[in-house]
Every structure is written in structure tokens, then in C-alpha cells.
Amino acid sequence: MEQILANGLYLGAQYALIALGLTLIFSLMNVLNFAHGQMYVFGGFVTYTVVVQWGLPFIAGLFVSAFILAVIGALIERFLFRPVIRKSHREESTMLLAAGIAFFLDAVILLIFGEKQRGVPKIMDGVLNWDFRIIMPYDRILIGVLAIGMIVAFILFMQYSKAGRAMRALAQDRVAAQLMGVEVDRYSMIGFALGAMLAGLVGGLLVTITGINLGMGGPTSIKAFMMIMIGGAGVISGAIAGGFILGMMESIGLTVLAIYGDITYLVIFASLMIFLAIRPQGLMGKPWG
Amino acid sequence: MNIKKLFGVILFLLLVLVVVPWLIAKSGRWDFYYTLTSVSLLSIASAGVWLTFYIGRINIGQGAYALAGGYVAAVLVSKYGINFWLTIPLAGLFCAALSVLIGLPILRLRGVYFAMVTLVLTEVMRLAALALPVTNGAKGITSIPLPQELSVFGFTVIPDFSTLANTKLAFYLTSVVLMVICYFVLWRIVNSRLGHLCRSLQQNEELSASIGVNTAYLRVIAYSISSFFGGVAGSMFVAISQSIYPSSFQVTDSVNFMLNCFLGGLGYVFGPMLGTLVLYFGWDLLFTAGRYQLLIYSTLLIALILLLPNGILSMGIFNRKKTRS
Amino acid sequence: MTQMLSLNNVELYYDHVYALKGVSIHLEEGETVALIGANGAGKSSILRAITGLSSITQGEVHYMGARLDGTSAADIVKQGIAMVPEGRRVFPYMSVKDNLLMGAFTRTDKAEVKQSMEKVLERFPRLRERAGQQAGTLSGGEQQMMVIGRALMAKPRLLLLDEPSLGIAPKLVQDIARAIVAISRDENVSVLLVEQNSRMALSISDRAYAMSTGSIALTGNSADLMNDDRIKAAYLGGDI
Amino acid sequence: MSPILVVENVTKKYGGLVAVNDVSFSVMSGEILSVIGPNGAGKSTMFKLISSFVRTTSGQVLFKGKRISNLTPHVVARLGVVRTFQETTIFRSMTVRENIVVSHHLRSKASLFGFFIGSAVAKADERAFGESADDIIEFLGLQSIRDELASNLPQGHLRALGMAIGLATNPSVLLLDEPFAGMNHDETMHMVTLVKRLRDERGVTVLLVEHDMPAVMKISDRIVVINFGEKIAEGIPSEIQSNEKVIEAYLGSEDDAIGL
């Protein structure tokens, strides 16, 4: 039982970080970023390059990942999403653009980093063994703690910084935010960069544990979509809740349902459908339509 | 149907059933058969996606139904020895029934939310194929026999494929015929009252309800027809490749079906056919670019969306067609 | 008194529908001017034209002697024009305090922002009690107080109020009216008040314009208009 | 005349907010009744309650003695109570005639499958719809724009088209949501005549929500006034114009004028 909880927390913290980035972009621009998983993979490869090929410390890898992904995010917003949103009449255009960007990032990752699975050496040795109730390697604990720390930092940033307040205001009432003097373009770009940065950071964190490969992008995006559907799209607390719930369900599923084969995600999806039928706006989302 | 349209249809049939095989025989590019067969089958699946666009829903889950349809055909043929031709409608019906179950809750969602769920659906179908015992897991179902003879009242309509010298041509012809049938059905739907009601739904669901349309029912009907097409396409693929794996239809395929529709134009029944042809051929032609294939392809795609964010049909010359179709 | 704001022959339309057809109004420094008229007369469109939320198709808007139309919404705020929008438009999931801070978004003088906050909380003691509460949970009247306070946080020279009495319980309408009077008295601010409740608006303004279907129908001193039967006719469908 | 539509103690709450509070009134068969009130008074909510677009918190709406509140909108439409919309709600990328033809849905006898295979019944339906659509086009004087794309129409025509869509469903009661909004004087007067002819020639009962007072005064047989979700007056136009409560609702009360 304790083991399941610990695993769930560890998974959930990373999931929540990914979902936070996705939901931030969604709430500011009503864009579903299909390329989120690819950004995550990109971040993982950057950390790998910095740590393994350049031989710099892990923390430097994280910083470089965060920085590069933020720049990529800002560029994508400025030169791709902004003009398309301005010109298009329907929301499918941004969805297609996001799909195109996902393909593009896949191609870039393939060309720069190749197809091979990459990993960085363990950043910490040893295993915590608490009476055989919880067994967890120290590096996992460290990564889990780091992820939770980042979530807290993100919440604090959104809550108490001027930029964070501006983004929350934009998400809640675009017109009123404009009337307060918030420059929509500028904060959409900052928000997109921040969302991409979070994806990159998670990639950097996870490359130490599971390694990273090209094929992980799509499935990661899909998990992130599930999380924000559970929690409610565009709501920060919803993304965190969704992340931890999915992490927990996965952890429970892998233990309890293992005897029936690999059906965890089937069960999760079936429950998600039933849940959405009852509450289409997710746990904390605003009702719409 | 007026004379002009009838003429157009006959011309099209001549082109795909006579001229194309003749050209291929002349040029000796037998590999084009495979490409064109794929195009016609993929365009059937895309036609389904197009129909969900027609009721105002962005469907990125068609891969799920193509996969399901494929497995239905594979299982029925290889485990129960049912004639392949019979499994095509069965696969379609299975997918339609499945989509009613899935559609009832999720069709209440709109816009991005519906799109998200359908995308997840594709991935879940893959996982289901991996996990369920009947699908044989990751090993897939292989060595599926070629289609048997189809006879009606003792009269052979389609000969046994294993006796044919040129199965490529046979698959091409049957796929094209299947595509023509599907598009005829789609065309009939769009130009009958059902299509008009779908359009009313796409443009304004509330108004549609206020003129007495049972919107929930109509959405499920349209979605199940859409999934039927997906299942049909998937089952035919199985006959050609004689195998199916959980990875036969993936998220990328679902996204591509959506791209086909968008590229061909959402206001035009034959749009998805055109879109599939352009995208598939474009992808094939870029094969020579080797490792830069995906890069060029996606760059072109992004450029296209940047230039024409409202679809190819937003270009001036197509606008007339859109209003009159 | 110098002319603070003027609209010359402004035209505006949404989707081929005229909202304003050749409207000219002006406002002097220190004045409180009311714009009254029935729903749909175009009052809010004037405010949208001033704040840059809608771009005008003809005419000019001048503010402090300089051209204002064409300026971005954010720059307009920086120049000292703050608006209390129709329907309040609070940020529902932010605390009252954060809502107020958003009002001071364009200001960089941190210390003075604190002072402004203190002043607003003094003016509306109810807001101090609820400073940590989510704005969406406030009552309509409290929300209205809060958005007025939010606009004051920008330290505006011109305050635009769009239907502050809309959907507010009758007994609170007076409180809001008093607050507006007090603000125009204490702060160095001119007020343009758009109201459907013409009795309230006329009683607290110096001058007024009455609008009907996109143009100015009547103008004059508020005290004079108060007893003008044509106002009543404009609302309830008699002849003007 | 007997009441065709009865609103009985209807209340609607959104969370703690009471949008409509215990409102009752009846609409007589063949009458034109207007619901008016200041912005935010709850008129639109009232409208949605009658057409079942939102559910009542308590109370009920009866049509010919049968309860229609809390059903789904399409069922209510099927029974004969049809609404039009406040904004220019039409099927934008259809022509005027297509808009009207598709709105005949309720009258169709053939099944969807029948339409698909083109059965005789379906063909007869299509013919009947076409004829009826042409009828409506003529009735509303829209001949000159019958093949125009709806999205290209000016405001006045859009409203008329909205009404044509409503008419195509063959309603007993037509609910018009702000039919005169955004119209100039001439367009408004034309619309007033149309609505009156609708009642006189087609026997449709009309319930409308509107804030263009001159038009309301001209068109209505009776008026119901709502403020803060409550009914504050009911009567013929001349009574309403001189009702002190109504004047207060619109102009603010004498007490709102504070001394300086």
C-alpha cells in the first residue's frame, strides 16, 4: 500500500508538471498543444547532450533544457500561433498547426539526436528501504522532490509575481485584462515559453531515470491530455489534480491489475469516459456549452 | 442527378478503372498500385472523419475504428474462416455499434475537448489490441489468407484471389470500387435531408434544437456512419497486408486522416479524397529526401497552414464551389 | 478648465450594424459627465471607442490635446484612462487583493501602489474584510465596489464607468452613487458615467448627454434634464 | 380566448443568484405579449425557461395544459413552442431558402433513411417543404434575397430570416428574442407589421422579449414587466407607460437621486 502511494506520488509529480505547461498554454490561448510531448522529449535530449556529451553537471543540463525550450516556445508562439490565430476563423486551424509542429519537432529531434534511446548515468546511488514497505531508489526520490519543488515554484510564481497575475487575469477575462493594460501578445508569448519550459524540465528530470527516445513524445502528449481532461482544461489546480490522479491510478493499476495483463490504461480510459459523461468539464473546470 | 454530373462520374470511373491500370501497365511502375490502393482506402477512412467535421466535431480518433475494423476482419477470417467479403460490412457494423457506445458520452463535448478525447481513443484502441487475448497481443495476427471467391446465386462476382496472377491489380480495383461506393453513400447523405440537418448542426446546435432536431440522436447517427467507414477501410487493409498489429493504425494515422480532410476542404464532399491523394503522394515523393522527409513534409504543412489558415478551400477560386455544393 | 476628452463625429459599427453614427461629445477636466439612454442606444460603444477595444471607422478621439484613437488598449491605460466595464468583469478566481493589484498593472511605483491600495481599502471597508476571498464569491454590490477600486488603482485622470448600477440591488445603488461623488471630489479625476438609471446619473453629474439609437438626442445641464419629460419619453416609447 | 401558455410560479437560481423569482403570467391564444424590463432583469432567462433551454429551479410552464418546462428544447419545439434567438442566429453558410427548407424538419413524414434512398414519401416531403418555404419567403417579402448566402445579409433581413426559420416549424407559439435589436426606425416598423400579420393571418401566438419601447408599445396586446427577476407589472401598453413602478425600474427611483 505505502509502495503504491509512493510510486503514485513520484509519477504524479512529473505528470502534474507536464499537465501544468499544457493547461497554461490552453488557458491563455485556447490552443491544444499537440507538440507538448515532443517538447518534453526535446528537453530530455538537451539534458543528455549537456550531461553526457559535454560532461557538465546534471543541474546545468536542467538549466540549458529549460532555457532552450523556453526560447523554442516563444518562437513558436510569435511566428506560428500568433499569425494563425489572427487570421483563422475556426479553432481547427490551431489544432492542425499544433499537429504540424509536433511532426516538425519529431523531425528535428530525429536529425539532431537520432533514433537511439539515450540516458544519463545515475545521479545518485542507493535505495531507500523502509522495512520493505517502501522500496525506492534515492535518485527517484530526488527527482520526485525536485518535481514537487518545481510545482510549488510555479504556483508561487503564478500567485505572487506580476507576470503570473497578468497571465491568470488573461485566462479569466481577456477583455478586463486588456482594460487593466495587460499586453495580450506579450503575455501569450511568455505563457507559451513557460509552458514549453516546463515540458523541457520534465524531460530533463526523467532522462536520468527512464532515459529518453524519439517515440516517447506522442504517448506523453496523450497522457497530458488525459490529465487535463480529468482536472478540467485551463485550470491550474485541475492540472495538478489530474496529474496526481493519473499517477496514482497508474501506480494502483500496475499493481492491482497486473494479473489481468496490461490493461491499466484501458481501465483508466473507460473510467475517464464514464467520468466525462457525468462531468464533462472535469473536476475543477468551468462548465461550458 | 443531372447529365453533367453523370458524365463526370463516368469519366472518373473510366479514369480510375481503365486509364490508370493502362498507364501503370505501360510504365511498368507496379508499385503505384500499392500507393493508389492505399490512397483509396485511406480516403474512405478520411471520408468518415469528414462527416464528423460536417456535424461540427473534430475527430482525431478514426485510427481507432480502422484498427478495430481490421481486427474484426482478421479474427473472423483467420479464426472462424468466414468469407472475407462478408467481414467488410461486419467490421463496419461492429465499429458503428462500438462508436454508439463511445459516442453517447463523448459527443456532448465540443471543440477542443471532443478532439482530445478522440485522440486518446486511438491510443487506447492500440493498448486494447495489445492486451486483449483475441488479438494475439503485440505479435498481431499474421498469415491471413487472401480473400476467397464471392459468388451470388452461383455466379462469381469476385474470383478467389489466390488463383489470380495479378493480385495487386485485383486489390486496386476492389479498393477503388469500395471507395466509389463509400463516396456515393457520403454524397447521398450530404445531399439528402440527413446532410442538411448535419449542416444545421455544424452551424448552430442551439438553433438546430429549436427547430426541433434531436441533436443528440443525429450526432450519434453521423458519428456511427463515420466509424463504419473507418471499420471498412481497416478491414480491407487487412486483406492486402494479410496481417494486422496493434501498431497498424496509430495516433499519427488519426492525425493524418484529419489533415486529409482539412487539406482537401471541409465544404466539399470529395475533398478528403483529394486531400488523401495529395498528402500521400506528397509523402511518397518526398521519400527521395531520405532522412529529411519528415522535416520537409512538416515544414510544408506548417507553411500551408500559415498561408491558408482556413483551408485550401478558402482560396478564391474554390469559394464558389463551397457555396453551391 | 482645459478640455480633457473630446469625440468628434465618431462612427463605429460591428458586423455591418451601426453602433455610433456621428457622435460628438466632450469632457472638461474635473467634470462629471453622464451618458444616459435606453439599452442598445450606443452608450457602451462610446466607451469601447475611447478605450480602444473597438476601432472607430470615422471621426477622431482626442485626449489631453493628443490623438487617442489608434493607440493600443494598454497604452491608453498608461495615459491615465481607467474603465469600470459593464457587467463588472471581475477576475472571478483571483482574490480581491489580486484583483486590485491588477488595476495597478501598468504602474511601476511600488511604494505608491501600496498607498493607493490602502486608500481604496479605506474607501471601501468591505473590501478590506474580504481581501483574501475569491472575487467571484462576492455579492454584486461588493463586486461593483471592487471594480471601481480596481480602476482607481491605476491612478487615473479620467474614469470611465459603464452601467455601475446594472443588476445591483436598489438599496446599494445609492451607495455606489455616493462613492462616485466622493471619488470625483477627493481624487483628481474626471468621470464619464454611462447609465441606464438616469435619475441616479443626472443627480450626480454636472452635464449629461442622452443617447438614442447611436446618436446624441439631447444634451444639457444635468439639473435641467432631470425635470425634462423628454427623457422619460426616450425610455418608455413616447415621442421625444 | 383561453390561455395557451401558462407560466406558474417559475423560479430559476444560479448558485446563490436568483435570476427569476416566482414569476407567473399567462399568454392567451392569438395574443401578442411582450416581456420587458431593464437590462439584466431576467428577461432572457425567462425566455430560456419557457423554451426549456435551461431547467427551472421550481415552478412550471404549461402549454395547452401540458407541462413543457424541463424537457429538451427539441421536444418543446415539436409540441409547437418555438423560439428565435437574440443575436443573429441563423445557419450562416446556407442560402435563405436552404435555411427555411431545413427548418421544416418537424413536418417531415419520411425517416432519415427514407430521405437517404429517396423514397416516395421523402420526395413528397421535399416538394412540400420547398413549396412551403416559397410561401414563407413571399409572406415575409424575402423574394429578392432567396438565394443569397445568409452570412451576406444585412441586419434587417437576418431578423426576418430568423422569423422565417421559426415559422417553418409551424409553431403555435413563437417566442421572439429581441426581434428589433439593432434595427433602424423603418426596419422596426416593417417588422412590427410582419409580426402583426403573423398573428392575424397565421394565427400564431407571439411572446416577445424586447427593449425597443416604441415598438413594444405599438405591437403588444399586453405587456409583462420584469425587474430583478420579479414580475412588477402586467397590463395593456397605456397602463404600463404610466405605471410608477415601471418608470422607477427604468429611470431609477426618486430615492436614487442623491442630494449633493
Side-chain angles (χ1 to χ4, degrees), chain A residues 26 30-32 34 79-80 83-108 110-111 218-219 221-226 228-229 233-234 260-266 268-270 272-278 280-282 285 288-289, chain B residues 53 56 58 60 101-102 104-106 108-117 119-128 130-133 137-138 205-206 250-252 255-256 258-259 261-263 266 291-311 314:
Chain A
F26 181 77
N30 204 21
V31 162
L32 191 56
F34 282 118
F79 293 104
L80 299 178
V84 168
I85 289 173
R86 197 150 294 167
K87 279 196 285 181
S88 72
H89 309 311
R90 312 202 258 200
E91 58 187 350
E92 48 261 39
S93 323
T94 59
M95 223 177 271
L96 288 159
L97 178 62
I101 292 171
F103 286 149
F104 180 79
L105 285 182
D106 260 339
V108 171
L110 180 68
L111 287 175
S221 292
I222 287 169
K223 277 186 187 172
F225 292 161
M226 291 180 78
I228 69 171
M229 277 188 281
Y260 304 106
D262 195 6
I263 59 167
T264 305
Y265 262 84
L266 276 182
I268 291 177
F269 186 76
L272 179 65
M273 295 276 243
I274 296 166
F275 171 68
L276 283 179
I278 303 162
Q281 73 270 30
W288 75 87
Chain B
F53 267 118
I58 304 163
I60 330 180
L101 267 182
I102 296 174
L104 278 175
I106 70 171
R108 289 166 59 204
L109 307 174
R110 294 185 194 188
V112 171
Y113 302 89
F114 181 79
M116 261 194 289
V117 183
L119 188 74
V120 173
L121 183 65
T122 317
E123 180 67 6
V124 165
M125 201 60 84
R126 188 181 73 85
L127 292 170
L130 272 174
L132 296 177
E205 290 195 10
E206 289 201 315
Q250 303 189 48
V251 170
T252 324
V255 172
N256 277 330
M258 175 185 74
L259 287 176
C261 294
F262 176 78
L263 204 74
L266 300 177
R291 56 200 292 250
Y292 295 103
Q293 186 184 22
L294 185 60
L295 188 73
I296 298 172
Y297 177 80
S298 56
T299 310
L300 287 176
L301 208 60
I302 291 173
L304 197 69
I305 299 163
L306 270 181
L307 293 175
L308 296 169
N310 299 310
S314 66

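Below, read A as the first sequence line, B as the second, and so on, with proteins coming before strands; counting in each chain starts at 1.
Heavy atoms closer than 4.5 Å to chain A are found in both the backbone and the side chain of B/Val112. Proximity to chain B involves both the backbone and the side chain of A/Met273, based on heavy atoms less than 4.5 angstrom apart. The contact between A/Phe79 and chain B is made entirely by backbone atoms, counting heavy-atom distances below 4.5 Å. Contacts of A/Ile228 with chain B are made by side-chain atoms alone, with heavy-atom separations under 4.5 Å and no backbone atom involved. Heavy-atom distances place the side chain of B/Ile58, and not its backbone, under 4.5 Å from chain A. Of the two parts of B/Val120, the backbone and the side chain both hold a non-hydrogen atom closer than 4.5 Å to a non-hydrogen atom of chain A.
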Would you mind writing out the side-chain donor-acceptor pairs for residues 292-307 of chain B within the sub-3.5 Å range, not counting sequence neighbours?
residue	atom	partner	partner atom	Å
B/Gln293	NE2	B/Trp283	O	2.8
B/Ser298	OG	B/Leu294	O	2.9
B/Ser298	OG	B/Leu295	O	3.1
B/Thr299	OG1	B/Leu295	O	2.5

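Taking CG of A/Leu276 as the reference point, atom CZ of B/Phe114 lies at 12.0 Å (rounded to 0.5 Å). With values rounded to the nearest 0.5 angstrom, B/Glu123 atom CD is found 11.5 Å from A/Phe225 atom CZ. Interatomic distance, OH of A/Tyr265 versus CG of B/Leu130, reported as 14.0 Å (0.5 Å rounding). Rounding to the nearest 0.5 Å gives a distance of 8.5 Å between CD1 of A/Ile222 and CG of B/Leu127. Interatomic distance, CG of B/Leu119 versus CE of A/Met226, reported as 11.0 Å (0.5 Å rounding). Here the straight-line distance linking atom CG of A/Leu111 with atom CZ of B/Arg291 works out to 5.0 Å at 0.5 Å rounding.
Of the listed residues A/Ile101, A/Leu32, A/Leu97, A/Leu96, the one with more heavy-atom pairs under 4.5 angstrom with chain B than any other is A/Leu96.
Counting heavy atoms from C-beta outward, A/Phe269 and B/Val117 have side chains that approach closer than 4.5 Å.
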Is there a side chain to side chain contact (heavy atoms under 4.5 Å, CB included) between B/Ile60 and A/Phe34? Walk through the geometry before answering. CA-CA 12 Å; B/Ile60 330 180; A/Phe34 282 118; 3.5 Å; yes
A/Phe103 and B/Val255: side chain to side chain contact (heavy atoms under 4.5 Å, CB included), yes or no, with the steps? CA-CA 10 Å; A/Phe103 286 149; B/Val255 172; 4.1 Å; yes
